[in-house]
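The residues of the chain are indexed from 1 along the displayed sequence. Everything numeric in this text was worked out from a predicted model, so none of it was measured.
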Amino acid sequence: MIILMAVIPAIAWGSIGLISGKLGGTANQQTVGMTWGALIFGIAIYGIYQPEMDTKVWIIGIVSGLFWSLGQNQQFHAMKAIGISKTVPVSTGLQLAGNALAGVILFNEWKTTQMVVIGTIAMIVIIAGAALTSLRDKKNSVLSDSEKNENTAAGVRAIILSTIGYVGYTIVVHYATVGMTADESRAFTMATILPQAVGMVIGAGFVALIANEVIMHSSTFKNVLTGLIWGAGNIFMFLSIPKLGQAVSFSFSQMGVVISTFGSIYLLGEKKTKHEMIYVTLGSIFVILGVIMLGIMKTL
């Protein structure tokens, strides 16, 4: 049951880039729309569970939300610059590495030599898989119109900032729950959902304001749907952390890279050659194998 809970974020988050791509809008409009959806989701969760919310909950939630707004906004920018099928695998690998390091250094989750060895191999396999999915057939590559206008420098810069934001948003909440029992951690996580959404709205609105972006647009309202989907994935990921740990829970959530990568090819028209499809398939298998290894490591 706990494994199923950890996989739900992969399905939800793996679909976000595809859905937002279909709904349209600029990166800032997509981010703001998502945060509105997340806020609606947060209010609903509060209404259902009515968790206790003290000053610590509000501070941790808002800070986590601010980190997330940076991560998601910059990922949308990277998708615009270099495409979903390139952005998501590379971003996934960097996020996994960052969260794994946090799990080991900050939370001491890999306690034995066996766990360190298996965990390290798993991370290498996942990162290699992510790299494979973005590999290009330089001789025969068929470029779509969007790929012909790629801005690699802007894409790389956005991915780096996105990684900082995404890693920060999970670490802040996990760090606040260190020393708590599983039930206490679960209650704290539920309580942070609404403050986190408030932080997301603040962060996304601030970025859009600086960019002088037109926010009251149909695309913004459409992307509320992506926020609701994200909210579902978010709550299940944080609920799985007390049982599986930071590194494993986040790794499971990132299996959505398979959905994003294949979805961008078959639904959004990001073209691949025969060799590139082989790279994507092998890379996806590597990612799944790496995540399974992390899951097995937790049982040792």
Heavy-atom donor-acceptor pair, Lys222 side chain to Gly33 backbone, under 3.5 Å: no
Point-to-point distance, once rounded to the nearest 0.5 Å, from CD of Gln30 to NE2 of His77: 9.5 Å
Distance (rounded to the nearest 0.5 Å) between Thr26 OG1 and Ile215 CD1: 6.5 Å
Residue that, paired with Gln196, satisfies side chain to side chain contact (heavy atoms under 4.5 Å, CB included) out of Val173, Ile235, Leu39, Ile62: Val173
Side chain to side chain, Ile171 and Leu106, heavy atoms closer than 4.5 Å: yes
Val116-Val104 co-clustered via ILVMFWY side chain contacts under 4.5 Å: yes
Test item: Thr192 and Phe188 side chains (from C-beta on) under 4.5 Å apart, heavy atoms: yes
4.5 Å side-chain heavy-atom contact, Lys22 and Ile19: no
Separation of Ile126 CD1 from Phe286 CZ (nearest 0.5 Å): 12.0 Å
Contact check, side chains of Tyr46 and Ile193, non-hydrogen atoms, under 4.5 Å: no
Heavy-atom closest pair, residues Ile229 and Ile16: CG2-CG1, 4.5 Å
Sidechain-backbone polar pair: Ser185 side chain, Thr181 backbone, donor-acceptor under 3.5 Å: no
ILVMFWY network linking Ile8 to Met190, side-chain heavy atoms under 4.5 angstrom: yes
Leu194 with Leu228, same ILVMFWY side-chain cluster at under 4.5 Å: yes
Close side-chain approach of Asn223 to Gln29, heavy-atom, < 4.5 Å: no
Heavy-atom side-chain proximity of Val224 to Ile40 below 4.5 angstrom: yes
Where Thr273 and Glu276 come nearest, the two heavy atoms and their spacing: N-OE1, 2.9 Å
Whichever hydrophobic residues join Ile210 through chains of side-chain contacts under 4.5 Å: Phe206
Shared hydrophobic cluster, Ile43 / Tyr49 (ILVMFWY, side-chain heavy atoms < 4.5 Å): yes
Nearest atoms (heavy-atom pairs only) where Gly129 meets Val287: C-CG2, 4.0 Å
Trp230 and its ring pair (Phe, Tyr, Trp, His ring centres under 6.0 Å) partner, picked from Trp68, Phe41, Phe236: Trp68
ILVMFWY cluster, Met200 and Leu209 together (side-chain gap under 4.5 Å): no
Validation row: Phe76, Asn28 side chains within 4.5 angstrom (heavy atoms): no
Ser15 (side chain) donor-acceptor with Ile11 (main chain) under 3.5 angstrom: yes
Distance (rounded to the nearest 0.5 Å) between Gln75 CD and Thr87 OG1: 7.0 Å
Trp36-Phe221 aromatic ring centre distance below 6.0 Å: yes
Ser64 side chain to Tyr169 backbone, donor-acceptor under 3.5 Å: yes
Separation of Met79 CE from Leu18 CG (nearest 0.5 Å): 8.0 Å
Where His174 and Thr177 come nearest, the two heavy atoms and their spacing: O-OG1, 2.8 Å
Distance (rounded to the nearest 0.5 Å) between Ile127 CD1 and Gln95 CD: 11.5 Å
Check: Thr31/Gln72 side-chain N/O donor and acceptor closer than 3.5 Å: no
Intermediate values then yes/no, side chain to side chain contact (heavy atoms under 4.5 Å, CB included), Ile202 and Leu66: CA-CA 7 Å; Ile202 293 172; Leu66 290 172; 4.2 Å; yes
Minimal non-hydrogen separation, Gly290 against Ala122, with atom names: O-CB, 3.5 Å
Expected output: side-chain Thr163 to main-chain Ile159 donor-acceptor under 3.5 Å: yes
Distance-minimising heavy-atom pair for Ser260 and Gly14: OG-O, 2.8 Å
Partners meeting ring pair (Phe, Tyr, Trp, His ring centres under 6.0 Å) with Tyr279 (sequence neighbours left out): none
Close side-chain approach of Ser69 and Val207, heavy atoms under 4.5 Å: no
